[in-house]
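Values reported hereafter were calculated over all heavy atoms of this structure, with side chains retained and with hydrogens, waters and symmetry mates removed. Whatever order the structure lists them in is the order used to number ligands and atoms, beginning at 1. In this chain, residues are counted from 1 in sequence order.
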Amino acid sequence: MNKVKGLKSKDLLGLKDLAVEEISLILETARSMKEVISRPIPKVPTLLGKHLVTLFYEPSTRTRTSFNLAAKVLSANVTNVALSSSSVSKGETLIDTVKNLEVMGTDCLIIRHGLGGAPHLAARHTRASIINAGDGFNEHPTQGLLDIFTMLDKKKSVAGKKALIVGDIAHSRVARSNIWGLTKLGAHVTVVGPPTLIPAGIEQLGVKVSYDLDAELKDADFINMLRIQRERMAKSFFPSLEEYSELFGLNAERMRRAKKDVIVMHPGPINRGVELTSEVADGPYNVILDQVTNGVAVRAAILFLLLGGKTRRNHRAVSAK
Ligand code: CP
């Protein structure tokens, strides 16, 4: 594999846009960051003087907090914009918000937005780095990377392995980032769920489609259980949560039919009793809290690769006019 020195873009918007070598570089750098984070004093001066802003138009516990912790490990300053008390609530546009934050000296904006493509739009209007922390149904690249990092932690390689992504594929940006990343790295990806939650044409992304979890479960190496995103469902996509759980949830009985060394993942937050019973969510196969731990190292790696050694003036000039 060709080694690359850095990421090509000033932004991290999706795994769709990353070359295999760039994905590998992020994962290798995350391994080094994990070592830094494990030190008695987990702090290095790498991003001293850099200013980050998190701008989340949707709620978050894991992503926002882990970016904050990652930034602190690297000695960067972080400001969290609280949308309810910001001028977004007065109708300020995303582009105006981003431009105003940039001219205060922001080096990097970490954006979560309900509309797919919002971070891409922001990236075209600022010299600051934009990191996509989840955009609509499109991508959640840092989640996809931390999921793959966790898989590699447990199985050394994903190439040739079978990865199931189960549940609400239609509304899941996590699914899309996993699909882009895993297929690029040579995994065999199968998406499983009710037909109403699997978008037409998803096979074109190089995945197999199945509506039968039991049939797919027995030879899977990884099972990534997606959250049912009730907040994005204007109508009901299945008769009841009980029926969904019966067909597509993981419980102890179903796990007995899986491989002994299968890895069970979930991006969080879990709807306990829907995607996973607590027995499975807290049981021996799960790596769900490892995913969360690894999120700090992966996000530190991304901050380092995008911002380490660069000033905003190095970034290609775009519409700062
Ligand atoms: N997985 C994830 O994105 O979690 P948060 O919504 O808590 O950030």
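Applying the 4.0 Å criterion to heavy atoms of T61 picks out, from ligand 1, the atoms 5 (P), 7 (O), 8 (O). For ligand 1, the atoms closer than 4.0 angstrom to any heavy atom of Q143 are 1 (N), 2 (C). Applying the 4.0 Å criterion to heavy atoms of G268 picks out, from ligand 1, the atoms 1 (N), 2 (C), 4 (O).
Under a 4.0 Å N-O distance rule, the pair D221/K162 does not qualify as a salt bridge. A salt bridge is defined here as a Lys NZ or Arg NE, NH1 or NH2 lying under 4.0 Å from an Asp or Glu carboxylate O, and R127 with E102 meets this definition. Between R257 and D214, at least one side-chain nitrogen of the basic residue sits less than 4.0 Å from a carboxylate oxygen of the acidic one, meeting the salt-bridge criterion.
Side-chain contact of N80 with T54: a donor-acceptor pair under 3.5 Å is present, judged by distance alone.
Summarising the contacts of atom 3 (O) of ligand 1 with Q291, H266, R173, H140, the nearest heavy atom is found in H140. Nearest to atom 6 (O) of ligand 1 by heavy atom, out of R64, E58, R62, R112, is R112.
Protein heavy atom nearest atom 2 (C) of ligand 1, with residue, atom name and distance: T63 OG1, 3.6 Å. The nearest protein atom to atom 1 (N) of ligand 1, hydrogens excluded, is given as P267 O, 2.8 Å; this is a heavy-atom distance.
Residues L115 and I111 fall into different hydrophobic clusters, defined by Ile, Leu, Val, Met, Phe, Trp and Tyr side chains chained together at heavy-atom separations under 4.5 Å.
Ring geometry for H171 against F137 counts as perpendicular: the plane angle is over 60°, on a 0 to 90° scale with 30° as the lower cut.
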